[in-house]
Amino acid sequence: NGVTHAAIWVDGIRIDAGVPPNSQHAEFSAIGGGFLVGNAIVRAPNPQSGGFSDFEQPFSWTPAGGWLPFTTYPYSVAGIVALNSHGIGAGRGFCFCNHVNSEQIFYDVAAGTAEGMHTSGPILDISPTGINDSGQISENADFAPDDGPPEAIALANNLILPPGVVGDRTAGINSAGIIAGNSDGSAVLWTPHP
């Protein structure tokens, strides 16, 4: 019917989680520590136009409670992409306030809250791709030098991953701190120093 539902599979059986209220699209993005989280496109007030628009918003979901939105103010657009076993998630958010870049957001799934982390300088538009149980984060961002356009760069905990090749991208991080991604057109693993 044109509506994309979030779903989970348990022992080969699909469980349809539906969509949150005012949504036509929902999908799960991570599962861990007994929590399911995802994002939905929700009709909400648009602070720029004064009307309504469809914005991505993060949710947690339980069979008993259904869809529960995160409190993401002041972010008009937000998403959760990763979750560790402690119920701490990572994602991104965008505010129509005084800046034009997205920021990384940390989610406490049990509390239903989110807190943004503002960054400045040449690293812009940080988008986490993974979070492990130690709170280490893999991220993608734009590096904006003073004399050129922004270009994609791979990060770990807000630090550029060596050798700092423009175009590097991360895909996720495991419990040992190993980050999977892509560098110079090849699949790579970044391993922490012993």
Side-chain angles (χ1 to χ4, degrees), residues 5-11 14-15 17-20 23 26-42 55-95 101-119 123 125-141 153-161 168-182 188-194:
H5 288 205
I8 59 173
W9 284 261
V10 179
D11 297 326
R14 186 185 70 174
I15 298 171
V19 296
S23 178
E27 57 187 49
F28 290 126
S29 59
I31 185 171
F35 297 104
L36 275 163
V37 295
N39 302 296
I41 305 299
V42 178
F55 294 126
E56 181 183 46
Q57 291 295 311
F59 289 83
S60 64
W61 182 86
T62 63
W67 292 94
L68 302 171
F70 285 96
T71 303
T72 57
Y73 179 83
Y75 302 101
S76 298
V77 179
I80 187 168
V81 297
L83 183 65
N84 67 22
S85 66
H86 304 299
I88 303 300
R92 71 214 167 280
F94 179 82
C95 174
N101 299 309
S102 63
E103 298 177 352
Q104 61 185 337
I105 297 178
F106 297 98
Y107 295 89
D108 182 333
V109 180
T113 59
E115 182 177 335
M117 182 175 159
H118 181 68
T119 56
I123 305 295
D125 289 326
I126 297 176
S127 294
T129 59
I131 184 169
N132 67 16
D133 288 348
S134 298
Q136 297 171 315
I137 300 170
S138 58
E139 304 146 317
N140 293 321
I153 196 78
L155 306 175
N157 303 309
N158 294 323
L159 300 174
I160 296 174
L161 287 167
D168 284 0
R169 306 303 283 166
T170 67
I173 187 169
N174 71 7
S175 60
I178 298 171
I179 297 172
N182 181 292
V188 297
L189 295 175
W190 283 278
T191 58
H193 294 291

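Side chains are part of it too, since the values below use all heavy atoms of this structure and drop only hydrogens, waters and symmetry mates.
P128 and G91 make their closest contact through CD-O, 3.1 Å (heavy atoms, listed as atom of the first residue, atom of the second, distance). Summarising the geometry of V81 relative to A30, their closest heavy-atom pair is O-CB, 4.1 Å, with the distance given to 0.1 Å. The shortest heavy-atom contact between I31 and L83 is C-CD2, 4.1 Å. Nearest approach of V19 to A26, heavy atoms of both residues: CG1-CB, 3.8 Å. The two atoms that bring S102 and D125 nearest to each other are N-OD1, 2.6 Å, heavy atoms only. Nearest heavy atom pair, residue R169 against residue A154, reads N-CB, 4.1 Å.
Atom-to-atom distance recorded for R92:CZ and T129:OG1 is 11.0 Å, nearest 0.5 angstrom. The OG atom of S127 sits 12.0 Å away from atom CD1 of I137, with the distance rounded to the nearest 0.5 Å. The distance from the NE2 atom of H86 to the OG atom of S134 is 7.0 Å, given to the nearest 0.5 Å. Once rounded to the nearest 0.5 Å, the distance linking CZ of F35 with CG of D108 reads 8.0 Å. In this structure, the separation between CD1 on I178 and CH2 on W190 is 13.0 Å, given to the nearest 0.5 Å. In this structure, Q57 CD and I41 CD1 are separated by 9.0 Å, a value rounded to the nearest 0.5 Å.
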* To do: Check the pair D168 / I160 against side chain to side chain contact (heavy atoms under 4.5 Å, CB included), numbers first and verdict last.
  => CA-CA 10 Å; D168 284 0; I160 296 174; over 6 Å; no
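When atom types are taken as modelled, the side chain of E139 and the backbone of N157 share a donor-acceptor pair closer than 3.5 angstrom. Formation of a donor-acceptor pair under 3.5 Å by the S60 side chain with backbone atoms of V109 is not found in this model. At distances below 3.5 Å, at least one donor-acceptor pair connects side-chain atoms of S29 with backbone N or O atoms of I80. Distance alone, capped at 3.5 Å, is enough to place a donor-acceptor pair between the D133 side chain and the S85 backbone.
Using a 30° and 60° split on the angle between ring planes, F28 and W67 fall in the parallel class, below 30°.
Test N140, I126, I179, L161 against L155 for side-chain contact (heavy atoms from CB on, under 4.5 Å) and you get one pass: I126. Under the ring pair (Phe, Tyr, Trp, His ring centres under 6.0 Å) test applied with F70, the options Y107, F106, Y75, W61 reduce to a single match, Y107.
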